[in-house]
Asks: 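First the structure, then my questions, so here it is.
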Amino acid sequence: MTSSKQLEVQSEDRTPQKWCVSLREDKFEAFLSQGNPTVNKVFGDGSLFSPFLFRKFFDPSDAFPLWEFESDILLSHLRSSGQTTVDWLQTDKDYVLKAELPGVGKNSVQVYVESGKVVEISGLWRHQKEPKTKEWRSGHWWEHGYVRRLELPENADWRRIEAIVNDEIYLEIRIPKCDIPHGKEEGAEDSE
């Protein structure tokens with residue numbers, strides 16, 4: 001039996017200076033080389049949160065224009081080896097992102113919309129020893145959590161985004177498309 005949990009998509013995150021420490025490729029490779037199986041599950045090949053998901057190193061805390069690319073093309077190297085746990089697509093009505101969440105701390109996943117322009121998926125994979133002293137997202141965030149920030153397409157209706165977690169593992173985010181193209185107001189007529 002499949003269990004589904006609707007996540008609250010938050011539009012205000014008052015965390016000061018989150019993601020202010022950039023993940024550099026050399027830091028990430030040193031972190032990954034420690035051989036921790038949990039780290040490899042969270043950030044390894046095919047994970048939505050891997051900096052190498054798109055073949056080249058890309059800091060997941062930087063917003064990526066995901067829907068400008070087709071998943072078949074961008075993920076072809078992972079799909080041919082059966083390594084990907086991510087997919088995205090576009091229908092006539094919405095944009096869809098599907099991803100497997102990391103196996104540890106998956107119940108901590110949060111979805112934010114930043115200024116109506118970026119959707120952010122983040123959560124903890126390891127609990128902090130001193131959670132009251134520092135917000136995990138403002139320092140070396142990868143040591144405690146994961147993030148993927150994605151630019152929303154121009155016609156995305158960010159106010160109606162839905163996020164669901166199925167079986168505590170599979171995240172699905174649906175972003176409806178606006179009925180009215182940007183720049184056109186209801187009742188406005190085209191002038192030719």
Side-chain angles (χ1 to χ4, degrees), residues 4-54 56-66 75 78 83-88 97-115 117-152 158 161-173 175:
S4 293
K5 177 184 172 188
Q6 181 89 29
L7 298 177
E8 178 185 354
V9 178
Q10 301 174 18
S11 60
E12 283 195 41
D13 183 4
R14 300 186 190 277
T15 305
Q17 301 178 341
K18 66 179 182 168
W19 321 125
C20 62
V21 177
S22 295
L23 178 58
R24 295 190 332 255
E25 188 171 356
D26 59 334
K27 277 187 181 182
F28 177 71
E29 287 180 353
F31 180 64
L32 200 59
S33 71
Q34 295 173 3
N36 182 327
T38 303
V39 169
N40 286 321
K41 173 80 173 158
V42 174
F43 299 107
D45 288 341
S47 168
L48 174 65
F49 308 102
S50 170
F52 288 106
L53 180 63
F54 310 118
K56 296 164 105 178
F57 184 86
F58 191 88
D59 183 348
S61 68
D62 289 335
F64 186 81
L66 184 74
L75 299 178
L78 293 169
Q83 289 182 307
T84 188
T85 60
V86 180
D87 196 13
W88 65 91
L97 171 69
K98 297 178 181 185
E100 187 175 323
L101 294 172
V104 177
K106 55 189 160 232
N107 292 326
S108 73
V109 69
Q110 295 180 316
V111 179
Y112 292 99
V113 176
E114 183 182 299
S115 305
K117 298 178 188 276
V118 174
V119 64
E120 173 183 298
I121 305 142
S122 64
L124 287 170
W125 66 266
R126 176 171 67 184
H127 295 286
Q128 287 179 281
K129 292 176 183 164
E130 300 172 26
K132 293 180 183 174
T133 59
K134 191 174 183 185
E135 162 62 41
W136 69 272
R137 297 177 293 177
S138 62
H140 292 153
W141 53 267
W142 56 90
E143 293 176 357
H144 300 281
Y146 52 88
V147 63
R148 175 60 71 187
R149 299 179 73 238
L150 303 167
E151 289 179 14
L152 289 171
W158 64 270
I161 291 177
E162 292 182 357
I164 297 170
V165 175
N166 293 308
D167 294 330
E168 296 187 28
I169 297 174
Y170 303 103
L171 174 67
E172 182 173 320
I173 296 179
I175 306 165

Asks: For atom NZ of Lys117, decide whether the heavy atoms of other residues, nucleotides or ligands shown that lie under 6.0 angstrom number more than 12.
Replies: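 No.
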Asks: Are Ile164 and Gln6 packed together at the side-chain level, in the sense that at least one heavy-atom pair is separated by less than 4.5 angstrom?
Replies: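 The answer is yes; the side chains approach within 4.5 Å.
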Asks: Looking at Val86 and Ser47, what are the two nearest heavy atoms and their distance?
Replies: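 Closest pair (atom of Val86, atom of Ser47, distance): CG2-C, 3.9 Å.
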Asks: Would a 4.5 Å heavy-atom cut-off, applied to side chains only, mark Leu171 and Leu7 as touching?
Replies: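 When only atoms from C-beta onward are counted, Leu7 and Leu171 do touch, with a gap below 4.5 Å.
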Asks: Parallel, tilted or perpendicular, judged at 30° and 60°: which one describes the rings of Tyr146 and Phe49?
Replies: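 Tilted.
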Asks: Search all heavy atoms of Asp59 against all heavy atoms of Ser22 and return the closest pair with its distance.
Replies: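 Reported closest heavy-atom pair: OD2-CA, 3.5 Å.
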Asks: My understanding is that only residues two or more places apart in sequence, or in another chain, count here; which of them pass ring-ring contact (aromatic ring centres under 6.0 Å, His included) with Trp141?
Replies: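 Listed in chain order: Trp19.
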Asks: Does a salt bridge link Lys41 with Glu100, judged by any charged N lying under 4.0 Å from a carboxylate O?
Replies: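 Answer for the salt bridge query: yes.
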Asks: Which atom pair, heavy atoms only, marks the closest approach of Arg24 to Phe57?
Replies: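 For Arg24 versus Phe57, the nearest heavy atoms are C-CZ, 3.5 Å.
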Asks: Where do Trp125 and Val42 come nearest, in terms of heavy atoms and distance?
Replies: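 Closest heavy-atom pair between Trp125 and Val42: CB-CG2, 3.7 Å.
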Asks: Supply the atom-to-atom distance Gln110 CD to Leu124 CG, rounded to the nearest 0.5 angstrom.
Replies: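 Result: 8.0 Å between the selected atoms.
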Asks: Roughly how far apart are His144 NE2 and Ser108 OG, rounded to 0.5 Å?
Replies: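 Interatomic distance, His144 NE2 to Ser108 OG, rounded to 0.5 Å: 13.0 Å.
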Asks: Looking at Ile169, is its backbone amide N or carbonyl O close enough to the side chain of Asp167 to form a donor-acceptor pair, meaning the two atoms are under 3.5 Å apart?
Replies: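 Side chain of Asp167 to backbone of Ile169: no pair is present.
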Asks: Closest approach of Leu48 and Arg148, non-hydrogen atoms and distance?
Replies: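 Residues Leu48 and Arg148, closest heavy atoms: O-NE, 2.8 Å.
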Asks: Rounded to the nearest 0.5 Å, what separates atom CD1 in Ile161 from atom CD in Gln10?
Replies: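 That separation rounds to 12.5 Å.
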Asks: Decide whether Glu114 and Tyr112 meet the rule of one side-chain donor and one side-chain acceptor closer than 3.5 Å.
Replies: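 Absent: no donor and acceptor within the cut-off.
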Asks: When you look at Leu150 and Ile173, which way does the side-chain contact (heavy atoms from CB on, under 4.5 Å) test go after all the steps?
Replies: CA-CA 12 Å; Leu150 303 167; Ile173 296 179; over 6 Å; no
Asks: Do you know which two heavy atoms are closest between Trp142 and Phe31, and how far apart they sit?
Replies: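 Here Trp142 and Phe31 meet closest at O-CZ, 3.4 Å.
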Asks: Kindly compute the distance separating CG (Leu101) from CD1 (Ile121), expressed to the nearest 0.5 Å.
Replies: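 Here the rounded value is 8.5 Å.
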Asks: Tell me every residue that passes side-chain contact (heavy atoms from CB on, under 4.5 Å) with Pro65, counting only those two or more places apart in sequence or in another chain.
Replies: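 Pro65 satisfies side-chain contact (heavy atoms from CB on, under 4.5 Å) with Glu68, Phe69, Glu151 only.
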Asks: Is there a side-chain contact between Leu23 and Ser61 (heavy atoms, below 4.5 Å)?
Replies: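 No, side chains not in contact.
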Asks: Please confirm whether the backbone N or O of Lys98 pairs with a side-chain atom of Asp87, one donor and one acceptor, at under 3.5 Å?
Replies: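 No; judged by distance alone, with no hydrogens or angles, the pair does not exist.
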Asks: So do the side chains of Ser11 and Trp158 get within less than 4.5 Å of each other, counting heavy atoms only?
Replies: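 Yes, side chains in contact.
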